Amino acid sequence: MPHIRVLIVDDDPLVRSALSHFVSRDPEIEVIGEAETGLEAIAAVEKDRPDVIMMDVQMPEMDGIEATATIVERWTDVRVLAVTTLDGSETVLPMLSAGASGYMLKDSNADSIVAGVRDVYNGASSLSPKIASMLVKHIRNGAPTGGRAGELETLTEREAEVLDRLAQGMSNAEIARTLIVSEGTVKAHLGRIMSKWQVRDRVQILVTAAHAGLINFR
């Protein structure tokens with residue numbers, strides 16, 4: 001049975017132990033190491049090349065945001081799932097902008113955390129419901145920098161429709177129903193947006209759109 005190789009990064013040994021216990025109950029997940037700081041995480045990735053990193057945000061020496069940015073730039077095949085108690089926009093948005101493929105709160109149940117690891121491993125995104133709501137609200141409220149809009153490749157009309165529905169919090173299946181197309185077609189449109197904007201997943205599409213101010217809500 002294939003293994004999803006996981007590195008757990010948190011400065012609290014009890015949290016690392018609990019997360020390791022949660023995810024190791026899944027026979028397809030193997031915890032290959034632990035780290036206490038962002039610097040240790042980078043060294044561990046260089047040595048062991050995990051598939052998924054469960055990354056805390058607030059840590060000594062180097063925080064999870066800086067560590068995530070370094071890791072996803074150097075190892076593009078490694079996925080980062082933030083697992084933290086911090087749920088404010090001042091940490092959520094920078095962490096996602098740094099390249100995390102998901103953001104889970106530590107009070108999520110064990111099944112949700114395991115599902116989050118699986119989702120990011122499979123190239124999807126994973127957000128706690130509270131975090132997803134915050135991200136969508138941020139995009140709806142604007143707060144764009146406008147700095148990247150001119151640098152991004154223009155979307156087709158249908159791609160823009162998919163983006164609009166994605167920002168409304170719809171799943172691929174829900175987008176497919178509203179546009180009267182197949183779910184595979186929606187995935188293809190999302191794949192082309194990722195390619196055009198050079199991002200890795202649905203979360204990064206939303207973060208990029210938020211920064212560029214490309215979404216208009218009625």
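It should be emphasised that the depicted structure is a prediction, and the values quoted were computed from it without experimental measurement.
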So does His21 get a backbone contact from the side chain of Ser24, meaning a donor-acceptor N/O pair under 3.5 Å? no

Side-chain ion pair, Asp10 and Lys106, N-O less than 4.0 Å: yes

When hydrophobic residues are tied together by side-chain contacts of less than 4.5 Å, even through go-betweens, does Val15 share a cluster with Ile113? yes

Below 4.5 Å, heavy atoms only, C-beta onward: do Val23 and Leu19 meet side chain to side chain? no

Is a side-chain donor or acceptor of Arg200 paired with a backbone partner of Thr76 at a separation under 3.5 angstrom? yes

Out of curiosity, does Val199 fall in the hydrophobic cluster containing Leu127 (side-chain heavy atoms, cut-off under 4.5 Å, transitive links)? yes

Could you report the tightest heavy-atom contact between Ser108 and Leu105, atom names first, then the distance? OG-O, 2.8 Å

Where do Lys196 and Thr154 come nearest, in terms of heavy atoms and distance? NZ-O, 3.1 Å

Glu73 CD to Thr68 OG1 distance, which is reported to the nearest 0.5 Å: 12.5 Å

Taking all heavy atoms of Asp11 and all of Pro60, pick out the closest pair and write down the distance. OD2-CD, 3.6 Å

Mark yes or no for whether Gln204, through its side chain, and Leu96, through its backbone, hold a donor-acceptor pair below 3.5 Å. yes

Between Val117 and Leu81 the two heavy atoms that sit nearest each other are N-CD2, 3.7 Å

So Val186 and Arg165, do their side chains get closer than 4.5 Å, heavy atoms only? no

Is the closest basic N to carboxylate O distance between Arg118 and Asp26 below 4.0 Å? yes

Would you say that Trp75 contacts Val80 through its side chain, given a criterion of any heavy-atom pair below 4.5 Å between the two side chains? no

Spell out, as yes or no, whether a donor-acceptor pair under 3.5 Å connects the side chain of Ser17 to the backbone of Pro13. no

Can you spot which of Leu7, Val52, Ile53 makes a side chain to side chain contact (heavy atoms under 4.5 Å, CB included) with Val78? Ile53

Decide yes or no on side-chain contact (heavy atoms from CB on, under 4.5 Å) for Thr84 and Gln58, but give the supporting numbers first. CA-CA 8 Å; Thr84 180; Gln58 204 167 55; 5.9 Å; no

If every non-hydrogen atom of Asp87 is compared with every non-hydrogen atom of Thr91, which pair is closest and at what distance? N-OG1, 4.4 Å

Do the side chains of Arg49 and Asp77 get close enough for a salt bridge, i.e. N-O under 4.0 angstrom? no

With no hydrogens and no angle check, is any side-chain donor or acceptor of Asp63 less than 3.5 Å from a backbone partner on Ile65? yes

Would you check, one step at a time, whether the test side-chain contact (heavy atoms from CB on, under 4.5 Å) holds for Leu155 with His189? CA-CA 10 Å; Leu155 303 182; His189 286 308; over 6 Å; no

Do the side chains of Met104 and Met54 get nearer than 4.5 Å, heavy atoms only? no

If you apply the rule side-chain contact (heavy atoms from CB on, under 4.5 Å), what do you find for Glu161 with Thr178, and how did you get there? CA-CA 10 Å; Glu161 290 174 341; Thr178 64; over 6 Å; no

Side chains of Ile8 and Phe22, heavy atoms from C-beta outward: is any pair under 4.5 Å? no

Please give me the minimum heavy-atom distance between Ser101 and Asp201, naming the atom from each residue. OG-OD2, 2.8 Å

Using the rule that two of Ile, Leu, Val, Met, Phe, Trp, Tyr join whenever any of their side-chain heavy atoms come within less than 4.5 Å, decide whether Val45 and Ile32 are in one cluster. no

